[in-house]
Every structure is written in C-alpha cells, then in structure tokens.
Amino acid sequence: MLCRAQKTSRRRQDRHQRTRRYFQHRLGNQIPRMFRLTATTVKDAMQSSAPRSDIVVQGWVRTRRDSKTFSFLELNDGSSLRSLQVIAKDSLPNYGEVQKITTGASIAVHGDLVASPGKGQRWELVADRIDIVGRAEDSYPLQKKGHTPEFLREIAHLRPRSNLFGCVFRVRSRLAFAIHTFFQERGFVYVHTPIITASDCEGAGELFRVTAIDPASPPRRADGSIDYTKDFFARCTYLTVSGQLEAEAFACALSKVYTFGPTFRAENSNTSRHASEFWMIEPEMAFCDLQGNMDLAEELVKYLIRDVRENCAEDMELFAKFVDRELLARLDFVLDRQFQRVTYTEAVELLEKSGQKFEFPIGSGLNLQSEHERWLTEKHFKSPVTIFNYPKQIKPFYMRLNDDGKTVTAMDLLVPGIGEIVGGSQREERLEVLEQNMRRHKMNPAEYKWYLDLRRYGSVPHSGFGLGFERMLMFVTGVSNIRDVIPFARTPGSAEF
RNA sequence: UCCAGCGUAGCUCAGUGGUAGAGCGGUCGGCUGUUAACCGAUUGGUCGUAGGUUCGAAUCCUACCGCUGGAGCCA
C-alpha cells in the first residue's frame with residue numbers, strides 16, 4: 001500500500017509526464033527540454049531557505065546588464081513583485097544569443113540557486129542553460145524606468161508586466177478570494193444572478209440593450225415602432241445593473257446569500273470612479289434589519305483590508321512607496337477605529353454647523369454632494385462613515401419606509417478619498433407599502449409580479465447592500481483611477497482591448 | 001453630459017509668431033559582481049486631426065477626437 005503522500009507524488013509525476021508528452025506531441029522537438037509546468041516560480045526561489053540545485057525558472061526579462069565574463073538578467077514571472085537575478089556566464093554555449101536578449105523577452109533558465117555575493121538580493125540563479133523562448137523586438141514599450149499610469153493604460157495588453165499593474169492585479173485576485181472566504185465562512189450561499197435581465201431593477205442608470213434584431217431591418221409594428229416581441233427573448237432585455245432583486249428571491253429561500261459578478265451601466269460618466277463594466281458584491285439576508293446590515297458591511301470592509309494587509313504585504317509596500325505614502329497608515333487607522341454611524345439628519349446638522357463654505361446647498365431632502373461626503377469622512381470624522389435613514393424622495397422604491405413616514409432605511413458607507421463604497425438598505429417587506437412606493441415612483445406593479453410575490457408568500461424583513469469591488473480595490477491600493485484596477489477597462493468611448 | 005486644463009521623438013517634458021530641442025529609451029562601441037549601472041557615439045518628428053488668420057503657425061482662432069482634474073449619475 002502506498003501512503004497518501006506517495007500517491008500524491010505519483011499522481012503528480014504522471015501528470016507531468018502527460019503534460020510533457022502533450023507538448024512534445026504538439027511542438028515536436030522545438031520545445032526546450034526544460035519546459036515544464038512544474039517550474040519553480042520566482043516567488044518560491046526568492047523565499048528559499050537553502051541553496052537549491054537543478055531548478056528551472058521561466059518568465060520575462062526585465063533588464064539585462066553585461067559584466068566582463070557574464071550577464072545579469074532580471075527575470076520576472078508575475079508570481080511576485082520581485083525579480084530573480086540570473087547569472088549567465090560566457091561559458092554558456094549560446095552566450096552570444098544570450099547577450100542579444102532584450103527587455104520583454106521570454107526565457108527558461110536551468111541552473112542552481114545560490115547565495116548572492118552582491119547586495120540587494122539574497123539568492124541568485126547561476127544558469128547552466130538558458131533557452132530563449134520568445135524574443136522581444138526593440139520597439140517593446142516598457143522600460144525599466146517608471147511609466148505613467150496614463151501611458152500604460154494605452155498598452156493594456158502589456159501593462160500587467162509592469163511592477164505597478166502586476167501588484168494591482170495580484171491584489172485584485174486576492175481581494176476576490178477574500179470576498180468569497182468572508183461570506184463562505186459565515187454560511188452565505190453564492191448565487192449566480194443573471195447577466196441578461198428584463199427588468200430595469202432600480203430605475204437607476206442607463207441600460208445596455210441586449211438584442212438579436214438586425215438593426216438594418218428590424219421587425220416593426222403597424223405604427224412603425226420596433227416590435228421587440230419578435231426579438232430573441234420575446235421582450236426588451238438588458239445587461240444587468242444589479243442582481244439585487246434576484247438575490248432577494250434567493251435570500252427568501254436560502255436565508256443568507258451573496259452575488260459577485262459583473263454589472264453594466266451605460267451612463268456617460270467620465271470620472272475616475274466610474275466604469276461601464278464593473279464588479280459588484282451584493283449580499284442579501286433574510287430576517288435581518290438595517291442594524292444587522294450595517295454591521296455586516298462594516299465587518300466586510302474591515303475584513304478585506306486586514307486580508308490584503310496580511311496576504312499582499314509586498315505589493316502593498318509598493319503602493320505605499322509609489323502611489324500613496326499615507327496608504328498603510330490610513331488602512332491601519334481604519335482597522336483600529338470604530339466606524340462612525342450617523343443618520344442623514346445628524347449629518348446635515350453637522351454640515352450646517354461646520355462653518356465650512358460649500359458650493360452646493362445643504363438641507364433636509366437634498367442629496368449629499370461629493371464635497372459634503374468628503375468633509376464628513378476626510379475633515380470631520382477622518383474615518384469611514386455610515387450614513388442611514390435618508391429622506392424617501394431621494395431613494396429607490398424598494399427601501400423600507402420608516403415609522404416617521406418620511407425616511408427610508410437606506411445606508412451609505414463612505415470612505416475617505418473614494419466616497420460611497422457601499423449602498424444598501426432594509427427592503428420593504430410589506431406588500432401594500434411596496435405597491436404604494438412603486439406607484440409613487442411611477443412604476444407599474446403589474447410588471448414586477450414575481451418580485452411582489454416574495455411579499456405575498458412568507459414575506460420576511462430582509463436587508464442587503466452593494467459593495468463596488470473596484471472601489472474597494474482602489475481604497476486598499478490607493479490607486480486613484482478605476483481604469484487602473486480593471487484588467488481591460490470599459491468606459492464611454494473606450495473598449496479597444 | 002457640464003466646467004477647467006493638457007495633447008511636441010518610443011517615454012517624460014522644454015520651446016508664446018521667424019532654422020524642431022533636452023533627458024531617458026533604442027542601436028553601435030568601451031568599461032564594469034551589476035542593482036533605474038557607468039562613459040562615448042549614434043538614431044529618432046505629418047508638433048492630436050481638420051479648417052482658418054498671417055509674408056510666415058508647434059505658438060493665434062474655430063470645430064472635432066483623446067487624456068487629466070472637478071461636477072452630475074452611482075458602486
């Protein structure tokens with residue numbers, strides 16, 4: 001009998017052989033002998049506790065420096081911010097070719113990991129074989145020197161090879177993982193709400209239409225208007241602006257659910273905080289009031305900050321050094337401090353008493369402007385603030401009406417530098433009140449029959465919120481433009497990549 | 001969509017009506033256990049696009065496009 005470790009080891013070997021046979025079959029003998037999916041990552045090599053002989057590392061060359069009898073190559077494979085220094089001696093059979101390697105080229109290196117005699121790194125890889133996998137033409141736009149984010153945005157396909165964007169997208173991955181961990185640990189069920197929907201669920205935001213109709217010859221009604229009953233879904237359909245309504249249906253069955261997926265808004269918004277395609281996290285909890293909702297939102301924000309602080313330390317150091325010098329202090333401050341919580345009315349009073357001159361008026365029934373939110377988070381509280389119980393006329397139909405008849409159980413979580421990062425509410429669970437709200441918002445209750453059914457059959461108090469994934473990522477990285485935390489950003493007039 | 005600013009070499013920028021510039025990068029050579037290496041030479045331009053004013057426009061005017069900051073909408 002094999003023990004478990006032996007079985008795992010054998011399975012791994014089998015898999016490697018299969019992979020290797022596959023590539024040899026596909027590429028014949030052109031592939032380097034050392035080309036293995038099991039290559040050592042730069043990250044593992046750098047973290048090594050002892051010298052290691054006979055390893056393979058593969059990646060992209062950041063820079064090459066020649067010395068008298070050898071070359072230094074800096075090799076990066078994206079496994080971490082850091083690059084591995086490779087020593088290529090002139091005794092290598094293809095040293096002439098190695099000296100032609102330029103920034104951006106891809107190589108595979110076989111050799112021994114040894115303690116580095118130079119300053120600046122603990123380990124270096126002394127190569128006994130270097131395979132040049134793919135050369136880089138001398139027009140390769142990335143230099144060793146820093147580039148502006150604006151320039152890198154124009155080469156979105158190459159920018160993940162830069163230090164800054166490598167860090168951003170490693171943290172993005174970790175943050176997404178942390179979101180799932182947070183909810184899964186707390187017994188939430190992950191629900192995939194539809195991307196294509198028929199309902200303009202919040203009445204908020206312009207929608208992208210989804211259609212299979214030929215724009216050159218659309219089916220028409222007698223009056224000449226386009227007949228969408230002849231369209232693919234036999235009705236008007238759109239890309240989702242929120243999974244909330246569907247999440248409510250699942251919360252009223254599985255109790256605690258969350259969605260995490262793409263969201264689309266066709267707003268002509270040209271700001272550093274808006275994108276046409278972004279990701280949103282929307283938890284929805286049955287038997288949960290506004291207090292529980294706010295508690296969860298604050299707990300989530302803190303959890304996510306703590307997670308990337310602990311698990312992306314090296315990347316976070318880069319942000320602190322090159323993006324925002326106060327980043328780490330601000331994040332730690334947020335972790336240490338109780339989030340502030342005030343009602344809309346209290347917030348308005350604070351603003352009125354502030355003595356501060358604002359461009360826009362403050363007053364009951366008026367929306368808080370960016371400058372007001374900024375004053376509250378950045379000047380007054382100097383910490384995240386949750387504002388709740390807003391006037392009903394400035395909030396959507398589904399929010400629960402308070403007993404005062406004037407305010408609804410809305411809550412916005414504001415953070416310094418970004419503004420609104422979470423928006424949520426307790427939902428109106430009373431059928432009659434919800435129908436009244438809909439009529440007040442000039443909506444036809446008949447078109448929302450399935451949503452109203454949730455109030456007809458076993459209605460329960462329930463709450464939820466939306467957390468903007470990219471805004472959270474901006475907050476934890478200090479990156480100030482949303483286009484720089486999305487791999488291939490979609491904004492008005494821009495979808496090149 | 002609104003307000004303001006910007007658009008000059010691959011990148012970062014100087015050049016305010018009279019011959020198109022620098023640093024970095026690239027290329028070539030030298031030096032060197034180097035670290036955003038160093039030294040020398042060299043390469044590099046439809047001055048965002050289209051009109052207009054002028055003897056003459058990178059420079060002044062108009063429109064459009066793009067980017068940046070702010071506003072609205074929101075996550």
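Convention: sequence-line order gives letters A, B, ...; per-chain numbering from 1.
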Nucleotide opposite [N] in a Watson-Crick or G-U pair, distances under 3.5 Å:
N     : answer
B:U46 : none
B:G56 : none
B:C2  : B:G70
B:C38 : B:G30
B:U12 : B:A22

Distance check, [atom1] atoms only: [N] and [M], in whole angstrom units.
N     : M     : atom1 : value
B:U8  : B:C13 : C1'   : 9 Å
B:C28 : B:G66 : P     : 39 Å
B:U59 : B:C6  : C1'   : 15 Å
B:U49 : B:G40 : C1'   : 41 Å
B:C47 : B:G10 : P     : 12 Å
B:U16 : B:U54 : C1'   : 16 Å
B:G51 : B:G18 : C1'   : 23 Å
B:G7  : B:C60 : P     : 10 Å

Q. Is NZ or CZ of A:R490 both nearer than 6.0 Å to the six-membered ring centre of A:F488 and within 45° of the ring axis?
A.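 Cation-pi check for A:R490 and A:F488: fails.
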
Q: Tell me whether the guanidinium CZ or amine NZ of A:R186 lies under 6.0 angstrom from the six-membered ring centre of A:Y303 and within 45° of its axis.
A: yes

Roughly how far apart are [X] [atom1] and [Y] [atom2], rounded to 0.5 Å?
X      : Y      : atom1 : atom2 : answer
A:F278 : A:I486 : CZ    : CD1   : 9.0 Å
A:D66  : A:F72  : CG    : CZ    : 10.0 Å
A:E420 : A:L467 : CD    : CG    : 10.5 Å

Which nucleotide in the list [options] gets nearest to the side chain of [X]?
X      : options             : value
A:Q85  : B:C73, B:U32, B:U34 : B:U34
A:K119 : B:G33, B:U35, B:A71 : B:U35
A:R273 : B:A71, B:A75, B:G33 : B:A71
A:R65  : B:U34, B:A75, B:G33 : B:U34

Q.
Other residues, nucleotides and ligands only: do more than 12 of their heavy atoms fall within 6.0 Å of NZ on A:K43?
A. no

Q: For atom CZ of A:F177, decide whether the heavy atoms of other residues, nucleotides or ligands shown that lie under 6.0 angstrom number more than 12.
A: no

Mind checking [X] for me? I need base, sugar-phosphate or nothing, with any heavy atom below 4.0 Å counting as a touch.
X      : result
A:N268 : base
A:Q369 : sugar-phosphate
A:E124 : base
A:S71  : nothing
A:T103 : nothing

Lys/Arg-Asp/Glu bridge criterion (N-O < 4.0 Å) met for [X], [Y]:
X      : Y      : value
A:D307 : A:K302 : no
A:E470 : A:R273 : no
A:E97  : A:K100 : yes

Q. Heavy atom of residues 481-495 of chain A under 4.0 Å from RNA chain B: which residues?
A.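 Listed by number, they are A:N481, A:I482, A:R483.
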
Q. Closer to the 5' end of RNA chain B via nearest nucleotide, is it A:G468 or A:S480?
A.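 That would be A:S480.
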
Q) Relative to the 5' end of RNA chain B, which residue comes earlier, A:D66 or A:T102, by the nucleotide with the nearest heavy atom? A) A:T102

Whole angstrom is fine here: how far is it from [atom1] in [X] over to [atom2] in [N]?
X      : N     : atom1 : atom2 : value
A:E206 : B:G72 : CD    : P     : 18 Å
A:R64  : B:U27 : CZ    : P     : 8 Å
A:L125 : B:U34 : CG    : P     : 19 Å
A:F360 : B:G70 : CZ    : P     : 14 Å
A:F260 : B:A75 : CZ    : C1'   : 12 Å
A:M474 : B:C74 : CE    : P     : 18 Å
A:F72  : B:C38 : CZ    : C1'   : 14 Å
A:F278 : B:C74 : CZ    : P     : 12 Å

Phosphate OP1/OP2 of [N]: any [X] side-chain N/O under 4.0 Å:
X      : N     : result
A:S67  : B:G33 : yes
A:K145 : B:C24 : no
A:T271 : B:G70 : no

Q: Check A:F260, A:F469, A:F264 against A:W279 for a ring-ring contact (aromatic ring centres under 6.0 Å, His included) and give me the one that passes.
A: A:F260

(Q) Exactly one of A:I130, A:V109, A:L84 should register a side-chain contact (heavy atoms from CB on, under 4.5 Å) with A:L73. Which one does? (A) A:I130

Q) Do A:S269 and B:C73 have a side chain to base donor-acceptor pair shorter than 3.5 Å? A)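 Side chain to base: pair found, below 3.5 Å.
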
Q. What about A:Y258 and A:Y190, are their ring centers closer than 6.0 Å?
A.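 Under 6.0 Å, so yes.
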
Q.
Ring centres within less than 5.5 Å and planes less than 30° apart: is that true of A:F70 and B:G33 in this structure?
A. no

Could you list all N or O pairs between the protein and nucleotides 5-14 of chain B that sit under 3.5 Å apart?
residue: B:G10; atom: N2; partner: A:Q143; partner atom: NE2; Å: 2.7
residue: B:C11; atom: O2'; partner: A:H147; partner atom: ND1; Å: 3.4
residue: B:U12; atom: OP1; partner: A:T148; partner atom: OG1; Å: 3.2

